Every structure is written in structure tokens, then in C-alpha cells.
Number of protein chains: 4
Amino acid sequence: MTRQERAAQRREAILEAAAHTFTQKGYSGASIKDIAEAAEVADGTIYNYFTNKEALLLALFDRLVAADQVGDRLTAALDTDVDTFIAGYFGAHLARVRENYDLFRAVIPEILATPDLRDRYYQGFVAPLLRAAEDHLHKRSDVHPVDGEQMARVLYALFFGLLSLRILGDEAIQPGEETDARLLATIQQLFTQGLAAD
Amino acid sequence: MTRQERAAQRREAILEAAAHTFTQKGYSGASIKDIAEAAEVADGTIYNYFTNKEALLLALFDRLVAADQVGDRLTAALDTDVDTFIAGYFGAHLARVRENYDLFRAVIPEILATPDLRDRYYQGFVAPLLRAAEDHLHKRSDVHPVDGEQMARVLYALFFGLLSLRILGDEAIQPGEETDARLLATIQQLFTQGLAAD
Amino acid sequence: MTRQERAAQRREAILEAAAHTFTQKGYSGASIKDIAEAAEVADGTIYNYFTNKEALLLALFDRLVAADQVGDRLTAALDTDVDTFIAGYFGAHLARVRENYDLFRAVIPEILATPDLRDRYYQGFVAPLLRAAEDHLHKRSDVHPVDGEQMARVLYALFFGLLSLRILGDEAIQPGEETDARLLATIQQLFTQGLAAD
Amino acid sequence: MTRQERAAQRREAILEAAAHTFTQKGYSGASIKDIAEAAEVADGTIYNYFTNKEALLLALFDRLVAADQVGDRLTAALDTDVDTFIAGYFGAHLARVRENYDLFRAVIPEILATPDLRDRYYQGFVAPLLRAAEDHLHKRSDVHPVDGEQMARVLYALFFGLLSLRILGDEAIQPGEETDARLLATIQQLFTQGLAAD
DNA sequence: TATGAATGAGCATTCATTCAT
DNA sequence: TATGAATGAATGCTCATTCAT
């Protein structure tokens with residue numbers, strides 16, 4: 001193992017420890033000492049890999065955003081029907097959350113609570129996603145005429161709200177293949193039929 | 001103005017200042033000094049009205065939960081059609097958020113970020129709401145057969161997600177009568193027709 | 001009851017409350033609020049009778065010193081034998097302590113702990129007492145030749161030490177007529193015979 | 001100098017600074033900042049060595065109690081005559097006080113003033129000492145028949161009272177070999193002959 | 001590079017004192 | 001004179017960050 005590899009591994013261990021600790025105690029409640037202990041390194045070592053505590057959060061944030069880059073897939077999805085589109089779209093999102101659950105639980109709360117992250121997340125992730133979604137809805141021919149601006153927000157709200165409900169601890173939708181499948185089916189049903197019977 | 005009235009007013013001013021300051025800087029980032037300055041009182045005065053900093057957050061939390069008590073209206077809404085039901089339901093929620101926007105912006109982020117509040121909110125508010133919604137869906141005859149457990153969560157997620165999007169600063173859905181009306185129409189459309197055209 | 005009498009009564013009640021509270025929690029540990037509650041007056045009222053918290057302690061201190069003025073009795077006691085002298089001397093002291101026990105318990109600890117009171121007590125009470133005792137021992141003809149300076153200190157030490165032991169809570173010498181009588185007899189025996197049998 | 005040695009030295013410096021500052025201003029009057037300045041360390045450093053301010057006082061208290069463990073010597077002293085016994089006993093006590101004067105001056109006042117320390121001191125130190133002294137007096141054959149319970153208390157009172165007089169600042173018995181020798185001689189005289197001449 | 005002791009700014013909280021009523 | 005709400009200085013303690021080893 002090269003020096004670089006060892007360094008990368010340490011960095012990884014620290015980030016994982018940070019994610020875990022932030023999830024348990026929140027960003028403010030987690031001390032560098034807590035994280036260092038969880039990562040089994042000394043306090044000072046963390047500063048060899050990250051400039052400060054905030055940088056840990058930002059690194060996690062960047063991972064989260066990277067993990068959930070979906071905007072670019074929207075354009076490519078125009079030629080599928082609504083059902084397939086929703087399945088692909090939400091399905092991918094659910095899979096990402098499943099694979100990076102600690103990351104999401106650690107970062108999402110702080111995104112809402114921290115003005116700086118709030119803006120970063122909105123500008124860098126949400127706004128482009130909303131624009132892409134509006135655009136997509138506009139171009140689709142197989143949907144009812146909708147208020148694209150608002151419907152895009154409804155779509156995003158579902159994403160974020162379900163994630164929040166998981167973070168709140170609701171057991172019925174903790175990530176897992178089976179749960180995600182049922183959830184996806186319900187969402188598909190809503191988008192293809194609505195809720196009301198004729 | 002009686003002594004009691006003045007005290008009530010002070011308490012109110014302090015709570016408003018706390019809400020405002022928490023919104024700006026987050027709970028941890030807001031110092032008692034910040035809040036005292038915003039309320040135009042001395043630091044110590046706050047402690048004549050609240051036991052400690054946490055009590056400020058809890059008082060705001062209690063208000064939020066009180067402001068959004070919707071679960072009890074669910075049972076009464078069985079005899080309306082889906083369209084009216086959704087309108088009444090989300091409409092009421094949107095109105096509450098509109099009237100208490102500062103409160104929601106201050107408290108919602110902390111609910112996700114603070115393990116203690118998280119549980120309090122889930123057990124005291126979300127869980128009952130989900131149970132009521134599941135029950136309601138079960139009893140309605142004018143809806144498609146649905147996975148009630150999951151659909152209840154989808155409904156709640158819409159609530160919470162839209163609120164989050166507002167907190168994130170999205171301008172297209174900042175609270176306001178007109179915006180809320182458009183949003184409500186979009187939600188109604190989704191629940192009655194779905195998104196996909198036949 | 002005249003206005004003056006009522007005021008004097010209040011002052012008395014406050015001082016007693018202060019003595020009691022200082023005894024329970026120590027001077028620093030006792031808050032003005034504590035004392036006000038014990039005296040059943042409002043915080044502010046205390047300041048109509050005493051300039052500040054320290055003044056409460058000083059007033060108690062003055063009472064203690066006044067209650068235990070023994071120095072002047074020393075000169076008058078030259079013409080009694082040692083036994084009677086010791087009996088009169090310690091007996092009077094023990095009686096004073098018995099009658100003002102709360103006062104002593106409240107003030108004595110603070111005398112040792114507070115530099116200011118320390119000096120005040122030593123200069124105003126202890127030093128004169130020691131001088132008088134030295135002088136008295138010098139003049140007595142019915143005692144062994146002694147190191148008057150040191151013996152005076154031994155006498156005072158007995159006073160103060162017994163008081164301290166009471167404050168420490170020792171049950172065998174809590175003030176009371178019977179206990180005081182036994183204690184006095186023991187002291188008399190020590191001073192007339194010593195401890196060692198021939 | 002190893003890391004451990006340096007740490008031990010620091011701890012020592014902090015404790016000495018605490019003893020000194022407590023002596024000057026009393027426990028409550030001494031701030032952590034005061035102590036840190038006296039020890040020439042930063043405020044926070046103190047907390048690397050002691051849990052909190054109270055722990056400083058308790059550490060000093062433990063040292064004082066350890067420094068003055070005399071009870072166990074009582075049993076061994078039965079086979080000496082009263083004179084030698086008193087000499088050995090008080091002599092040892094005086095030597096301990098001389099060698100740890102700062103410690104005694106810092107802690108003794110707080111023992112009386114702090115309910116918690118009061119109990120700790122009485123139960124852990126005074127009560128055993130009194131029991132041992134009573135027992136010792138009971139077993140000795142070369143003393144006058146005495147009220148052992150009360151005489152034990154008289155003995156302890158002398159200890160404590162002399163210490164208090166030193167703390168009060170009396171110059172004639174500030175610790176020192178010569179003073180201690182004179183004091184000891186006076187005490188011996190009292191216990192062997194009494195004060196009264198035949 | 002890793003360590004962890006030292007640092008000191010920052011903050012929640014207390015409480016003696018004031019003063020308008 | 002009595003009240004008790006308001007004040008704000010003071011303080012114990014935490015913890016992110018630095019740096020000598």
C-alpha cells in the first residue's frame with residue numbers, strides 16, 4: 001500500500017466517523033474529539049486532512065450532492081413513458097439514499113439548519129434540478145397540461161419529504177429493497193392514476 | 001396595561017426574537033446575547049421568562065405543533081370527495097404555514113438536526129398523523145386501492161417537503177395567497193388525475 | 001405597634017433568615033432570593049434594611065462579637081480561684097454559644113474563609129482577648145509558672161476548637177445544658193489536675 | 001524529563017496555585033482565571049488536569065487529610081507515658097501543619113464553610129480520630145479517670161483551634177520550629193500538671 | 001505524519017443590585 | 001415602604017485549533 005493509499009484510507013475513515021458522529025449528535029453537538037475517537041486517530045490528525053470542522057461537513061455535503069446527481073438524467077428520459085420515467089427517476093434516487101444512508105442522515109439536517117449550506121445546496125443542486133424538471137415537463141407530450149413550475153416543486157418535495165421522514169425515524173420507510181419497491185409502486189400509482197377513483 | 005399583560009408581551013417579544021435569530025443562525029449558532037439584542041432586552045431578562053436556551057426552542061416547537069394540528073380533522077373529512085378533502089387538508093396546512101412562517105423556518109431545521117426534538121416531533125405529531133391518514137385511506141371508498149401505509153407517508157412527505165423547499169429559499173413557492181392557490185391546484189390535479197395523460 | 005417597631009421586627013426577621021440560610025448553604029451559596037424567601041419578603045425589601053449582601057454578614061458578625069464579649073470579665077476574675085475562674089469563663093462562653101447557636105454556625109465559618117472578616121475578628125476580638133488573657137495569667141499567683149503567651153493561645157484554641165467541632169456536626173457536643181455541664185467539668189479537670197495521674 | 005513528569009509538575013503547579021488563591025480570596029472568591037494566572041497556564045489547561053473547580057478543592061482536601069493521618073498512631077502509643085504521648089502526638093501534628101501550611105490555610109476554612117466538605121471531613125477524619133482517642137483514653141492506666149467522650153473532644157479542639165488561630169493570622173503562633181517547641185511545651189505542661197498550682 | 005497537551009475565545013447562566021410602580 | 005422585573009457584569013466551562021515533540 002503506497003503512502004497515498006494510506007492517506008486516502010485515513011481520510012475516508014475520518015469522513016465516515018464524521019458522518020456517523022454528526023448523525024448521532026448533530027453537527028454542533030459533535031466535537032472534534034468525538035470524531036477523532038470514532039475514527040481512532042488523535043484530534044490533531046484530523047487537521048492534517050481537513051482544514052477545520054466545517055470542511056468535514058462540506059466534504060460530506062459534496063459527496064451527498066455527487067451521489068444524487070440526477071438532473072442530467074432528466075433530459076435523456078424524455079423518450080420513455082411517464083411510468084418508466086418515474087420508476088427510473090425515483091428508483092435511482094431511492095437507491096442512492098439506500099447506499100449512502102449515513103451520509104444523508106448526517107448532512108440533510110444541517111442543510112436546512114445552516115444558512116451557508118442551505119444556499120449552497122439550493123443553488124448547486126435544487127435550483128438546477130427544478131429547472132431541468134420544469135423543462136422536462138414542458139417538453140413531454142404525454143402528460144396533462146400542468147403548472148410546470150409548481151409540479152416540479154411537488155416532485156422535489158416528494159424526494160426531500162420522504163428522505164426527511166426516514167431521518168425522523170419512521171420505521172415503515174427505512175431504506176431497504178423491499179420498502180423501496182413498495183414505495184416506488186405507490187408513487188408510480190399516484191403519478192399515473194392519481195388517488196381518486198373515477 | 002396590567003403587569004400580566006406586559007409580561008405576556010415581553011414573553012412574546014422574546015419568542016419572536018428567538019425564532020428570528022434561530023432562523024438566521026440556527027439554534028447552536030444563535031447566542032442568548034443575539035436573541036436578547038433582537039428582543040431589545042438584557043441577557044438576564046430572558047431567564048425571567050424561560051428556564052434556559054433549550055426552553056426557548058421547546059416553546060417554539062410547542063407552538064408549531066399546536067399550529068399544525070390537523071390529524072383530528074381527518075376523521076371528519078370522510079364524507080367529502082377526494083378533491084374537496086385534499087383542498088381542505090393541504091389548504092389548511094398551507095394557511096398555517098403562511099401565518100406562522102417564521103416559526104416554521106426556525107423550528108423545522110432543528111427538528112431534523114436534534115435527536116431529542118426529532119423523537120418528540122415524530123412521536124407527538126408525525127406518528128399520530130400517519131396513523132390517522134392510513135385509517136382514513138382505508139375507510140374511503142372513492143379512491144383506487146392503495147398501499148395505505150406507503151401512501152400516508154407520501155402525503156406527509158409532500159407536506160414536509162414543500163415546507164423544506166420554502167425554507168431552502170425557493171422563490172417560486174414562498175408563502176403567499178396566490179402561490180398557495182397555484183400550489184394547491186397542482187396538488188389537487190395530481191391527486192385526482194395523476195400526472196400521466198391517458 | 002409603631003412604625004419603628006415594625007421596621008425593627010422586619011430587620012430582625014431578615015437577619016434571622018440570613019443566619020439560617022448562611023448556615024444551610026454558606027455565605028456564597030446563599031442568594032439574596034433565598035434569604036428573601038426565608039424572611040418572607042421581596043428581594044428588594046432587604047435593600048431597604050441593609051446596603052448589600054455583605055452588610056448582612058457584617059451585621060451578624062457584629063452580633064456574634066457582641067454576644068461573646070468576654071475580655072472585660074477577665075480582669076474582674078482575678079480574685080477567684082482557678083477552678084471558679086475556668087468555670088465562669090468557659091461556662092459563660094458555652095452559654096452564649098447555646099443561646100446564639102444559629103448565629104455562630106452562620107458566621108464562624110465565614111470568619112475563617114473571608115480575609116476581611118478574618119482581620120476584623122482577629123483585631124477586634126481575638127487580639128484583645130489574648131492580651132487580656134496573657135495579662136491575667138501574668139497576674140495570677142495561684143498557677144504554675146507558664147509561658148503566658150502560648151497558654152493564652154491554648155485557652156483561646158479550646159474555645160474556638162470546641163465551637164468548630166460543634167459546627168462540624170459532632171453529636172456528642174451539640175449545645176445543651178447537660179452536654180455543656182459535662183464538657184465544662186472535663187475542662188475544669190484538665191486545668192486543675194492535668195490529664196496525667198501522679 | 002518525560003511527558004509524565006511534566007504533566008505531574010503541571011498538576012502540582014496548578015494545585016499550589018489553587019491553594020494560594022483559595023487562601024487569598026476564599027474558594028468562592030477565587031476564579032479559575034485567578035488560579036490559572038497564578039499557575040501561569042491558560043484557563044482551559046486547568047481542565048486538562050481537573051474535572052472542575054470543585055475537584056481542585058477536593059484534591060487539596062484529600063492531601064490535607066492524607067497529610068494529617070494520625071489516628072493510626074494512637075494505638076501504638078499506649079506504652080509510652082502521658083508526657084511522651086502528648087509530645088509525640090501534638091508534635092507530629094504541628095510538624096505536619098508546618099510542612100503543609102499553605103494547604104491547611106486553603107482548605108480548613110472551606111471545610112467549615114461547605115456542608116459537603118464538612119461531612120466528608122467529619123466522617124472521614126474527625127469521627128475516626130475521636131473514636132481512637134476515646135478508646136486510647138479508656139485503655140490508659142496512667143491518667144486520672146476522665147469523661148473519655150468529652151476529653152477526646154477537648155483534645156481535638158486544641159488541634160483544630162490552634163490551627164484556626166494560625167489561620168486568623170496570630171503572629172505569636174505562626175508555624176516555625178521554635179514557636180512549635182514552645183507551644184508543645186505549654187501543652188505538655190497543661191496535660192501533665194494542669195494549670196492550677198497545688 | 002501523528003500525537004495530544006495547551007490555548008483562549010466564546011457562551012450559557014447566575015445573581016447582586018436597581019428602580020419604576 | 002414593599003415589590004419583583006430588569007439589568008449586565010462576572011464566571012465556570014467547552015472545544016476548535018495550534019504546535020512542539
Side-chain angles (χ1 to χ4, degrees), chain A residues 3 6-7 10 14 28-37 39-56, chain B residues 1-4 6-7 10-11 14 28-37 39-56, chain C residues 3 6-7 10 14 28-37 39-56, chain D residues 1-4 6-7 10-11 14 28-37 39-56:
Chain A
R3 181 169 308 196
R6 250 181 294 122
R10 274 249 153 131
I14 291 170
S28 306
S31 71
I32 289 288
K33 199 169 213 73
D34 289 336
I35 298 166
E37 271 164 25
E40 294 182 312
V41 298
D43 301 17
T45 304
I46 291 180
Y47 289 85
N48 289 330
Y49 294 88
F50 300 91
T51 35
N52 52 28
K53 192 183 171 188
E54 200 192 351
L56 283 170
Chain B
M1 185 164 45
T2 72
R3 182 171 298 199
Q4 267 198 351
R6 248 179 300 126
R10 272 264 155 115
R11 206 187 131 90
I14 290 169
S28 307
S31 72
I32 289 288
K33 199 169 214 73
D34 290 336
I35 298 167
E37 272 164 24
E40 293 182 312
V41 298
D43 301 19
T45 302
I46 291 180
Y47 291 87
N48 288 335
Y49 294 88
F50 299 91
T51 328
N52 51 30
K53 193 182 170 186
E54 197 190 355
L56 282 171
Chain C
R3 181 170 308 195
R6 250 182 294 123
R10 274 248 153 132
I14 291 169
S28 306
S31 71
I32 289 289
K33 197 169 215 74
D34 289 336
I35 298 167
E37 272 164 25
E40 294 182 314
V41 299
D43 302 18
T45 303
I46 291 180
Y47 289 85
N48 288 330
Y49 294 87
F50 299 90
T51 37
N52 53 28
K53 191 182 171 187
E54 199 192 352
L56 283 171
Chain D
M1 187 165 42
T2 71
R3 181 170 299 199
Q4 265 197 351
R6 247 181 299 123
R10 272 263 155 117
R11 206 187 130 91
I14 290 169
S28 306
S31 73
I32 289 289
K33 199 170 214 74
D34 290 337
I35 297 167
E37 271 164 25
E40 294 182 312
V41 298
D43 301 20
T45 303
I46 291 180
Y47 292 88
N48 287 335
Y49 293 87
F50 299 91
T51 329
N52 52 28
K53 192 183 171 187
E54 197 191 354
L56 283 171

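Reckoned from all heavy atoms, side chains included, excluding hydrogens, waters and symmetry mates. Proteins come first, then strands; the chains are lettered A, B, ... in the order of their sequence lines, and each starts at number 1. All values derive from a computational prediction rather than experimental measurement.
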Tell me what B/F50 touches on the nucleic acid: a base, only sugar-phosphate, or nothing, going by heavy atoms under 4.0 Å. nothing
On a heavy-atom basis, the closest approach of A/T51 and A/A55 is OG1-CB, 3.5 Å
Does the protein touch nucleotides 13-21 of chain E at the base, only the backbone, or not at all? Give it as B, S and - per nucleotide, heavy atoms under 4.0 Å. BB-SBB---
Strand DNA chain E as a dot-bracket string - pairs counted if Watson-Crick or G-U with both distances under 3.5 Å, | where the partner lies in another strand: .||||||||||||||||||||
Interatomic distance, [X] [atom1] vs [N] [atom2] [rounded to whole Å]:
X: D/Y49; N: F/dC13; atom1: OH; atom2: P; result: 18 Å
X: D/I46; N: E/dA6; atom1: CD1; atom2: P; result: 12 Å
X: A/I35; N: E/dG4; atom1: CD1; atom2: P; result: 17 Å
X: D/D34; N: F/dG12; atom1: CG; atom2: C1'; result: 12 Å

Contacts of A/V41 and D/E40 projected onto DNA chain E by closest heavy atom; the upstream (5') one is A/V41
Acceptor/donor pairs from residues 39-50 of chain A side chains to any protein atom, 3.5 angstrom cut, sequence neighbours excluded:
unit_1	atom_1	unit_2	atom_2	d
A/D43	OD2	A/K33	NZ	3.4

Taking only N and O in the side chain of B/R10, is any of them less than 4.0 Å away from OP1 or OP2 of F/dA6? yes
